[in-house]
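Everything below concerns the one structure shown next.
By convention in this document, chain letters (A, B, ...) are assigned in the order of the sequence lines, proteins followed by strands, and residues within each chain are numbered from 1. Please read all numbers here as calculations on a predicted model, not as lab measurements.
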Amino acid sequence: MWQERKADLVATMKLRRQSLAKGWYKYSRNPLSVLGLIVLVLIGTSAGLAPYITPYPAHAGAFTNFREAGQPPSWKHLFGTDRIGRDVFTRVIFGYRFSLLLGVVVLSLGVAPGVVLGLIAGYRRGTWVEIVIMRITDVFLAVPPLVLALAITAMLTPNLLNAMFAIALLWWPWYCRLVFAVASSLRNQFFVREAELCGASRAHILFREILPNCVAPILTKMTLDMGIVILLGASLSFVGLGAQPPTPCLGTMVADGAKRLPGEWWSTIFPALAIVLVILAFNLVGDGLRDVFAVEEV
Amino acid sequence: MALLEVVDLHVGYRVFEGYLKVLNGVNFEIEEQERVGLVGETGCGKTTLVKTILRVLPVPPARIQRGQVLYHGKDILLMSPREVRGLRRREMTAIFQDPLQALNPMFTIGTQLRDILKDSQERVGRGQRTQRAITARCISALRDTGMPDPERIMSNYPIQLSGGMRQRVCIAEALSRNVRLLLADEPTTNLDVTIQDQILRKLDQLVDQRGASVLIITHSMGVVRDLTQRLYIMYAGSMVETGRTKGVLASPLHPYTQGLMRSVPRLTGQGISDGIPGRIPNYLQPPSGCRFHPRCAHAMPVCVEAPPPFYPAGDNHRVACYLYRS
Amino acid sequence: MAKFIGQRLAQSLFVLFGLSLLIFFIARVVPGDPARAALGFLATQDQVEKMRAEMHLDKPFVVQYYYWFTGLLRGDLGKSSYTHRPVTTDLGQFIPATLELILFATLISLTVGQVTGVLAGYFRNSWFDGLSRLISYLGIATPSFVVAILLIFVFSQLLRLAPSVGRLPIMVAPPPTVTGFMVLDALIAGRVEVALVALKHLLLPAVSLALIHIAQEGRITRTSIVENLDKDYITMHKVHGIRTSRLVFKYLLRPSIIPTVAVIGLDFAFLMSNAFLVELVFMWPGFARYAVTTMLNKDLNAMVAVVLVIGVTFAMVNLLVDILITFLDPTIRIQRRGG
Amino acid sequence: MPGDILSVDNLRKHFPTKEGVVRAVDGVSFSIAPGETFGLVGESGSGKTTTAQCIIGMYPPTSGDIWFKGERINAAFDRRPKHVKGDLRIVFQDPGSSLNPKRTIKQILSVPLQVHRIGSRRGRLARMKALLDMVELPADEYLYKHPQAIGGGERQMVALARALATNPSLVLLDEPTSALDVSVQAKIINLLIRLQKELDLTYLFITHDLSLMRNIATRVAIMYLGKLCEIAPTAEFFESPVHPYTRMLLSSIPVVSDEEEALKPRKVLSTGEIPSPVNVPPGCGFQSRCPEAADVCRRVDPEMVEVSRSHQVRCHRERRPDRAGHAEASVLHEREERLC
Amino acid sequence: ENVAVINGFPVITADPATASDWYDTEVMYNLYSPLVYPSPDGGVRPHLAVSWEAVGGDLTHWRFNLRQGVKFHSGNTLTAEDVAFSMTRFITMGRGNSGPLGQVTAVVVDTYTVDFVLDKPSAIFPETLALFFPVEKNLVLANIKKPGPYGDLGDYGEEWLGTHDAGTGPYMMTSHIPGQRLDATRFLDYFEGWSNEGWGPDEVPIERLVFIMETDYTTLMTLLRAGMLDLEINGGWTLPQLREIQEDNRLRLSFCWAQNVTVWMNSKVPPTDDEHFRKAILYAFDYESILGPWAEFGNGETGIILPNMPGYVPIEPQPRKQDLERARQELALSKYAANLRDVKVTFHFCGGLDFEEEVGLQLQADMAQLGVRVEVAGPPWPQYSASCSAPETTPNLTIFLFAPQAFPPHDYYLYSMFSASGLGWIFSAHWYFEDPEIAHLLDETRAEPDPGRRMDIYRQLQPLIAAHSLAFYPYQKPTLFAHQAYIVGPKESIAFVGPSENMHNWRINLKLKQELRG
Ligand SMILES: Nc1ncnc2c1ncn2[C@@H]1O[C@H](COP(=O)(O)OP(=O)(O)OP(=O)(O)O)[C@@H](O)[C@H]1O
Ligand SMILES: Nc1ncnc2c1ncn2[C@@H]1O[C@H](COP(=O)(O)OP(=O)(O)OP(=O)(O)O)[C@@H](O)[C@H]1O
Ligand SMILES: [Mg+2]
Ligand SMILES: [Mg+2]
């Protein structure tokens, strides 16, 4: 008996390992995606270890040094210093923390409700449940997210938390719609029908039969969305509605430095490129994931 | 000289997992005004073969490793795009399996038909008269296929037609010009028997009128028996047996053909055999030698070594099996 | 078709109604005092109280909404507490500038995106395909405000090639407003040189807006061309000996263009939100800049109007796109005709 | 009949759509005795699947009754008692979409076991292996595979194993082999026949392939445009088809041998296509394609009549006493030949 | 070309009854004339009114004699009717700068005499009228839009006045696109005339004014460099920009008046409710560091009122210097000494303003040395100002730049900021009104008709207020007018928003312009 269960476990693990290996194989076929992943890992770890690897960790917090303000890039300050004398390189690395945190928090708050609502609406398509959920979704989707995010954050006290809150509030409808589309097409698939006919519970059908089929698009969208959320966060802080000083925040740094163009170009160009890099990396990884999942569908 | 002769054709696909060796030394020929059937199960490479002949194989992922496709003795695979286009306009054409996929959903039947005639070399002249002449020819081509009310159909879009109607349109497109060779890739697989019956009868008639040769590709033994004089049986990328249709069906020689024939449900109702054990091989690592040997009850050591050539078995009947070596 | 449009319009109305409720609600629940903001510096508490009564801020949410809604039915969106003008007047002044910008950007992104997409798709895996892929990756990853700043830095500050602010140089008197589009108005007034100058001013902001969309549209078109190239019907067209030019520009392009058209609506939404930032960077005296200002000032009436205008535009664009697709795609047309 | 395992009485299923009401099933009655293989044949769109889906409870019928083992089961699945759900199972046509591509075969097979509380947690694994053995798949290997990783025929076998997991007594087979090659089909058909014997199963077998039907069914019903045309025991059905549509079908079948050719009725040229089930014209549904449609056929829809015991047919011609039986078949053929 | 392009920030309203903003005031002084005109000594001198007196002894009844022959831009003559109408309109609409006036009833005595009756006595009433700009009665009445909130008077002409003017000022509005641009031309019949006395031979009046509204200083710099901008009067330049302007011989930088950077300390919420804690902040702040780079442009010296205003008294610490030792001592005395770790000081600045942010960051760094956490935030203006409407919502520290923008400026700096009738927002974000002596003295300033003695009271007040450490004053931010060298002015510089930007006070040297710009 025990032997049998062990064999079962081993086989299951082996299957899982195999599909992971296969996924990675497909992913690794695209060198750009691999590059994106490497960049992302680099950004992630350096953001995580920022206090230990940056040259002037103090510059991320309460610090001023007007004597060294506005210095051009040099070996001492790779990306130069800003108007208060802080090391731009250090602040860019710390700035990634904010961006990544924003992305992770927004998506983890936004995705779950969106997915659940989308599943329910998709499965119960044609009933009042679907109508209520999808009309509410429509309302949220009726204006571009940045506009609503601006409107909301403009009214709240600007800080990291409120920016996250505002964006998260806007994010679920996208997942709701995505999952709705998948779920309502899967609803008539025979394997769902079969589970119903067999007497399986709603929860089983929603979360065991339909949800696994939504995972691929959700994951892909999530990686691509990380880029979009980071962009949105950067945009909000560019307008001055993001994290508050002295928190290093890429959008704020760009906005701040832009006032000093073309003279102190380094204080805006480097943070701007940093934003581009992280979004690019997420896009590349997202495309890689899409490849992985797309081939599987065939 | 045969109208079309395929010699030792090897074609594969490069995919994520590796290289799929699909066509494995295909040899076959079609004579002038001959009707040839090609029967094989799903995935044995029938469509690949047709696309190779027509030079429309997507390259990459596909790759033509070696072999020749001789049309009147000239290798199609070596022709310039211009020559190929000329060939397609005048000499050979095709009908594909899925009539919905084969018609462009964005344009009316009339537009598509007319453009084929406009671009074919059979020009009548220029100007308004030509337009009207072309339209008239389109309508008559549709009517030839047994299409009711062809004038109306001309302004319809593919989705407005039923499966049978679409297939008639495909036939009209293929036979609107006077071609010498028609490659029909499973023209009736998705249709009901009654409709299939109508369409095959019509196709038969039209090909007869034009004196063209036909290659009919199908899963169905019954269809080839009705329509063709000669038959090829294909398995996993190569031809395993050929001969006069009735002869092959009545007394199949290759173990695969025999298994297949036993699996076909008969109207006589004597029950069905157990089919053929196993399934079609994986093209990534196909079995060496005769690709059928892992499923074959008569497999011998020699089968593993090299693919068998065709051995004659009397009365035009040839089999690629070492059982018939002597 | 008429029925379809009617349905869609009704649906949009419903959504817009929900949207106005949502904005109103959000604006009410968050703290802040629009009356105070409206009055300015030296106002006394009494004056503020009076203003609050005038703005119905002392009433419950539902009553406020009722006032606003009945006003809307009369075509009255209320008064902006920031500019002290009727919101409709403000909108009338600012929208054309933004529209000009967005339309020009759309024009650029559609043409450039389409052409590169078609070429990259048809010559897939060529160097051109690789190059356009690389550029499109960069384009998608670069926020438009970053593009804007980079463009200003390079073209207007380093190279001094293009102006970086506004719609016209200060010393040039704007032509009389007819369409609200500077270029058109200048042409109508017969001042060609002004039109050219206005166009020059339009260029950088429009390009910064368009870049990301060029990338996106190019990519979608490419994908869809590649997808269609593999379709049986394209193979069939080849088999039937259709000329290459006809094959590409008629039989391939038409089905491939539909996905691009389908995303125009969504694209437009992003274009609008990007316009918010680009207008700030280029000091474009447009709607988006007005919107940001009113939002920051908690100018309730203006804010609701701004969001609604965007909602309406978005809905209209989507409707237009749907009609366009119906026009382009007979499959959908036939289905809708049945309905 | 009291002994029947399933009986369907005047079943109708109409779908309201944009274009109009689709009369997918329009008054179908039949019953199946235990141990039978009841074959339902018809061209595509004739309503076979809809009939099966009403029986299985995917949607409630518009009207009519369905009796299963003496129990009236008109409601849709969500209102049916659980034992019925276990006792009445279905295998769908498309092996691609009937198995969830994201779940392993083990997970797929465990659903009915869990839902119907069959076996202990431990025992289930053994039970699943037994099921796979039953459908002749090597259990240890297949249990841990995803459906995409196996062939079409094997998928259909897994679907069958899943259907059998709850020990049903009636299994609806909706074209279980039409997407498969003949060599694979042969295997599955044999498997079905074997399992029927072993497990005392009753089948409702849906197909459009008459030759296949000849080899598996005990009784055959022909469906056309939502209505049954003819029901007869298999042998009688093939030996003496009565309905003009049946004969048209039979004569259109491509066959592979001369013996079969001899069994086919004389050629009835097939014309026209099955009309759309929306706004069905009055009279007999087949009237538009029937080579000898009379005036009455265009006005009145015929009723089902018995030609002989257990052989029923729905054709006006059978009403006229002077033209019963095969006598008039030749007349038809003559006329047919004159037409050609 | 005889044009001056002037940058003012968005003019929100051009109606004198609703204008309140700094930028509005700048424009007002060009289009309209106030009843009395600010003078450099902090008082007012005759302008539209030639003389005035309090009637009766209680300072509630004031009589003004108007200048005769003053022409409106329409060509009509200004009369008491117009002034009375304007005052009634100002008070009825109750917006803009009308707050400090209270309830005023205007009575026409004769064609050139008008009486104002106040609801409470005020000795400084005449001075407050430096922000009262009469409009032409008939013109406004002719352009009323009905319906409006004022019954028969509709909208009181507000909408029309947004894009037209009805004034007597040196320039006449020719067009106004709110938020974008305001054009004006010289009014030849301006009652003060356009004599060239005191100006150089080539310096002629400016014919046309273009007010543009641009907040981005990168852009402004580009425009200035290119000669497309003649005068910038808000002075939001960055240091490198200021240096560039200084070095360019075609440009000039003139100092006009200062704004004092004030950091209010909220005396009602912990930990700044403790006076010692406030003092600690005062000493902890590193004034030199923040001033360092600005020293060449500004002035470290600043206090409750501006140093260049008459009656200025320096306040502690002097010289303004960081003294961490002293700060530590004060901190030890405060009731939060035991648990400094739990203390959190909030510092708000108006979002987007660099100087203010830098002060916050500097303070943050300084206080960190004492183990006190400072949270810096820069909400946008509306939230920023709204949070100061109640003591509980007011942050510990609020930084604000006070430029003298109400008149008289002493009253603005002292009375409106430190009297209990405080307005409930940014002016008194310290929330301290307990000291009876201060309250008494403040009331006295408004009851003292003699300007000299009033000034004495002002001097007396400053150390008293400073003793409570309600604010610290990091530095004085100079308002630097950047302009083309060929734009000359202002002839008369007054520490008050408006008169310095009155372009009647400026001239253009066309010859020089020709030379410098070609
Ligand atoms: N574009 C392609 N890329 C990769 N593999 C392909 C491609 N086209 C076909 N194949 C593979 O080649 C093999 C033969 O395919 P082909 O379509 O020629 O078979 P077929 O005999 O026509 O089958 P069917 O009866 O299903 O039409 C299959 O195993 C298929 O997986
Ligand atoms: N849910 C539905 N809504 C509308 N029409 C439907 C629906 N389901 C089936 N139909 C229609 O009912 C008719 C009968 O369909 P059904 O699937 O039962 O036919 P079938 O005999 O199983 O055909 P096939 O051989 O193609 O499987 C068809 O015309 C179909 O279009
Ligand atoms: Mg094929
Ligand atoms: Mg079916």
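- Applying a 4.5 Å heavy-atom cutoff, none of the residues of residues 89-112 of chain A approach chain E.
- Between E:Ser289 and A:Phe66 the shortest heavy-atom distance is OG-CD1, 3.2 Å.
- Legend: residues meeting salt bridge (Lys or Arg N to Asp or Glu O under 4.0 Å) with E:Arg243, ordered by chain and number and at least two apart, are E:Glu296.
- Atom CZ of A:Arg83 sits about 7.0 Å away from atom CG of E:Leu361, to the nearest 0.5 Å.
- For E:Glu375, no part lies under 4.5 angstrom from a heavy atom of chain A.
- The local environment of CZ in A:Phe165 is sparse, with at most 12 non-hydrogen atoms from other residues, nucleotides or ligands closer than 6.0 Å.
- The number of heavy atoms from other shown groups lying within 6.0 Å of NZ (E:Lys268) is above 12.
- Only the backbone of A:Ala258 comes within contact range of chain E, judged by heavy atoms closer than 4.5 Å.
- Heavy atoms from other residues, nucleotides or ligands lying under 6.0 Å from CZ of A:Arg177 number 12 at most.
- Heavy-atom pairs under 4.5 Å with chain A were tallied for E:Gly360, E:Gly378, E:Pro240, E:Ser387; the largest tally goes to E:Gly378.
- For a residue to count as touching a neighbouring chain, one of its non-hydrogen atoms must lie under 4.5 Å from one of that chain's; by this rule A:Asp256 touches chain E with the side chain only.
- Counting heavy-atom pairs closer than 4.5 Å to chain E, the top-ranked of the candidates A:Thr64, A:Thr252, A:Thr247 is A:Thr64.
- Looking at E:Gln362, both its backbone and its side chain come within 4.5 Å of chain A, counting heavy atoms on both sides.
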